[in-house]
2 protein chains.
Amino acid sequence: MAIPRAAKTQRRTRIQEEKEELILEAALEVFSSNGFRGSTIDQIAEAAGMSKPNLLYYFRTKEAMHRQLIDRVLFTWLEPLRVMDAEGSPEAEIRSYIRRKLEMARDFPRESRLFANEILQGAPHIEDELTGPLKELVDEKAEVIRTWAKAGKIAECDPYHLIFSIWSTTQHYADFDVQVRAVLGRSKADENRFENAALFLEQLFLDGLKLR
Amino acid sequence: MAIPRAAKTQRRTRIQEEKEELILEAALEVFSSNGFRGSTIDQIAEAAGMSKPNLLYYFRTKEAMHRQLIDRVLFTWLEPLRVMDAEGSPEAEIRSYIRRKLEMARDFPRESRLFANEILQGAPHIEDELTGPLKELVDEKAEVIRTWAKAGKIAECDPYHLIFSIWSTTQHYADFDVQVRAVLGRSKADENRFENAALFLEQLFLDGLKLR
DNA sequence: TGTATGTTTTACCAACCGGTCAAATTATCG
DNA sequence: CGATAATTTGACCGGTTGGTAAAACATACA
């Protein structure tokens with residue numbers, strides 16, 4: 001007898017692992033470019049090359065897929081902030097934080113847009129994660145930044161708004177990609193937009209924080 | 001005999017003008033918090049206090065409402081950039097540009113989110129506006145900034161990325177409001193987030209551009 | 001007041017969408 | 001091989017959604 005859902009089996013099959021990955025990849029593609037409500041299970045199923053009921057054999061509901069994607073993204077998305085080291089030099093730490101975030105915007109734009117979509121609509125599925133783990137991590141790193149400022153290693157500034165501004169400027173290149181490219185047009189400026197952004201942002205933040 | 005659609009009449013009635021405004025207000029509310037596909041005509045009709053067929057008497061389709069809203073927002077959204085004055089002092093111009101954009105994020109968050117939603121999903125309805133009027137305006141102002149830099153009034157920097165960074169940092173407080181508030185928690189820092197953001201961003205950009 | 005025009009409502013429809021069911025097919029393993 | 005469990009599919013269902021038809025109702029004005 002077939003067990004109702006793959007999730008109920010004790011050990012996941014090789015097929016299960018492969019298909020779930022396939023589905024999540026397809027779901028990321030679809031969700032990130034159409035939003036949650038704008039995406040249909042049929043679209044995801046087609047992108048994953050399988051029938052709708054087959055997809056629903058692996059994920060009970062549309063929400064389940066979305067949920068798993070969001071959880072995953074939220075975790076990896078915070079990695080650059082997590083590795084910011086209180087013991088390191090402020091200049092190097094902030095510079096590499098910006099660089100890492102910008103690389104993520106370049107290499108994982110779908111993940112960024114998925115997250116942006118969720119927040120834009122009021123984060124209906126992840127309020128707890130925001131006020132819980134996210135807030136805790138930011139509080140911790142804000143304290144690090146504040147310590148740097150107190151020690152005179154960096155200009156006095158509101159650490160929370162500093163973090164917000166790094167988030168927003170870097171993610172802009174993923175979330176608002178269409179706009180950025182429309183404005184830059186077909187040009188070298190467009191092709192090199194990530195390098196140019198890196199140079200500009202480095203200058204902006206390092207000078208803005210009187211780090212050099 | 002009733003004319004099929006209000007739009008076909010030669011002069012718009014007083015009632016038409018009032019109702020269309022009422023509908024657009026309701027549509028803004030609904031679209032900005034649910035996205036285009038996430039919003040239903042019924043929701044908008046209810047928010048506007050009328051029946052669905054009645055609403056459809058004023059706007060033929062859901063797209064028509066959305067379209068008109070987007071056009072409107074796109075225009076007013078660029079006003080702060082439009083008034084940036086090549087003859088003014090760079091410090092005052094940039095400072096007031098930031099302030100104006102931040103005020104718009106505070107006072108018109110729904111408009112900001114409507115626009116963000118549209119861009120996030122690839123701007124399917126407004127690609128022409130982006131590569132046309134928007135690009136032209138940005139090109140013009142980028143030239144102004146470049147002139148300031150050449151004259152040594154402001155640090156050398158890529159003017160396009162400067163504009164992007166002002167857009168992203170300010171709009172962040174509207175588009176990512178939920179996240180900002182979750183991180184700041186229930187506190188004075190949350191209540192005063194716009195003043196604090198203004199102070200921080202002013203410092204960041206003025207020092208980052210060696211303007212003081 | 002009567003008539004033409006403008007506005008609103010009730011009832012409705014076809015397409016879509018998330019999800020189920022039962023049966024068919026395939027993989028796994030003793 | 002044979003049996004059992006895992007996977008896949010086609011048919012289907014009930015609720016939602018964008019939009020229509022037609023008639024009732026309101027308004028303006030000669």
Side-chain angles (χ1 to χ4, degrees), chain A residues 1-24 26-27 29-31 33-70 121 124-125, chain B residues 1-24 26-27 29-31 33-70 121 124-125:
Chain A
M1 185 202 80
I3 288 165
R5 297 293 164 185
K8 282 206 177 173
T9 56
Q10 310 198 333
R11 259 206 294 185
R12 289 164 74 220
T13 324
R14 176 182 46 84
I15 292 184
Q16 274 174 34
E17 228 152 310
E18 283 174 14
K19 292 280 160 110
E20 282 177 19
E21 215 43 53
L22 191 70
I23 291 170
L24 287 176
E29 184 68 30
V30 175
F31 280 141
S33 51
N34 303 107
F36 180 75
R37 288 229 25 201
S39 307
T40 70
I41 300 184
D42 274 309
Q43 286 176 317
I44 299 171
E46 195 191 332
M50 63 178 73
S51 66
K52 182 168 65 168
N54 194 11
L55 185 153
L56 286 166
Y57 171 73
Y58 292 101
F59 291 89
R60 257 195 259 286
T61 64
K62 194 177 157 186
E63 269 87 2
M65 277 181 277
H66 191 251
R67 178 75 205 202
Q68 193 155 329
L69 276 176
I70 288 273
Q121 322 244 327
H125 307 97
Chain B
M1 184 203 80
I3 288 167
R5 298 293 165 186
K8 282 208 180 173
T9 56
Q10 311 199 333
R11 260 207 291 183
R12 289 165 72 220
T13 323
R14 177 183 45 84
I15 291 184
Q16 275 176 34
E17 228 153 310
E18 285 174 14
K19 292 279 161 109
E20 283 176 16
E21 216 43 56
L22 192 68
I23 291 169
L24 286 176
E29 183 68 30
V30 175
F31 280 141
S33 51
N34 303 107
F36 181 75
R37 288 230 25 198
S39 306
T40 70
I41 300 184
D42 274 310
Q43 285 176 319
I44 299 171
E46 195 191 331
M50 63 178 73
S51 67
K52 181 170 66 168
N54 194 12
L55 184 154
L56 286 167
Y57 172 73
Y58 293 101
F59 291 89
R60 258 196 257 287
T61 63
K62 194 178 157 186
E63 270 88 2
M65 279 181 276
H66 191 250
R67 177 76 206 201
Q68 193 155 328
L69 277 177
I70 288 271
Q121 324 242 326
H125 306 99

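Keep in mind that the numbers below use all heavy atoms, side chains included, and drop hydrogens, waters and symmetry copies. Below, chains carry the letters A, B, ... as their sequence lines are ordered, and counting in each starts from 1.
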| remark: Rounded to whole Å, the CD-P distance (Glu20(A) to dT7(D)) equals 9 Å
| query | Counting only side-chain N and O atoms of Ser51(B), is one of them less than 4.0 Å from OP1 or OP2 of dT9(C)? | reply | yes
| Gap between atoms CD and P, on Glu18(B) and dT7(C) respectively (whole Å) | 11 Å
| field | Nearest-nucleotide pick for Lys19(A), side chain only, options being dT9(C), dT8(C), dT8(D) | value | dT8(D)
| field | Worked verdict on Gln43(B) versus Thr40(B) for side chain to side chain contact (heavy atoms under 4.5 Å, CB included) | value | CA-CA 5 Å; Gln43(B) 285 176 319; Thr40(B) 70; 3.2 Å; yes
| said: Return the CD1 to CD distance between Ile70(A) and Glu63(A), rounded to the nearest 0.5 Å. | reply: 12.0 Å
| message | What verdict does the side chain to side chain contact (heavy atoms under 4.5 Å, CB included) test give for Gln121(B) and Phe36(B), after you've listed the backbone C-alpha separation in whole Å, the side-chain angles of each residue and the deciding distance to 0.1 Å? | response | CA-CA 10 Å; Gln121(B) 324 242 326; Phe36(B) 181 75; over 6 Å; no
| query | Rounded to the nearest 0.5 Å, how far does CD of Gln16(B) lie from OH of Tyr57(B)? | reply | 6.0 Å
| Whole Å only: how far is the OH atom of Tyr57(B) from the P atom of dT9(C)? | 13 Å
| field | Length of the line joining Leu55(A):CG and dT8(D):P, which is rounded to integer Å | value | 11 Å
| message | Whole angstroms only, please: what is the CG-P distance between Leu22(B) and dT7(C)? | response | 14 Å
| request: Under the side chain to side chain contact (heavy atoms under 4.5 Å, CB included) rule, what do Phe31(A) and Lys62(A) come out as? Steps first, then yes or no, please. | output: CA-CA 10 Å; Phe31(A) 280 141; Lys62(A) 194 177 157 186; 4.1 Å; yes
| message | A side-chain contact here means heavy atoms from C-beta on lying under 4.5 Å apart; do Ile44(A) and Lys52(A) qualify? | response | no
| said: In this structure, how many angstroms lie between the C1' atom of dT27(D) and the CD atom of Gln16(B), rounded? | reply: 13 Å
| said: Could you tell me how far apart Ile44(A) (CD1) and dG18(C) (C1') are, to the nearest whole angstrom? | reply: 11 Å
| request: For Tyr58(A) and dG18(C), give me the distance from atom OH to atom C1', rounded to whole Å. | output: 20 Å
| query | Going from CE on Met50(A) to CG on Leu56(A), what distance comes out if it is rounded to the nearest 0.5 angstrom? | reply | 10.5 Å
| message | Looking at dT7(D), I'd like to know if its phosphate oxygens (OP1 or OP2) sit under 4.0 Å from a side-chain N or O belonging to Asn54(A). | response | no
When you compare the protein's N or O atoms with those of nucleotides 16-18 of chain D, which come within less than 3.5 Å of each other, and at what distance?
from    : atom 1 : to       : atom 2 : distance (Å)
dG18(D) : OP1    : Ser39(B) : O      : 3.2
dG18(D) : OP1    : Lys62(B) : NZ     : 2.8
dG18(D) : OP2    : Ile41(B) : N      : 3.0
dG18(D) : N7     : Lys52(B) : NZ     : 3.0

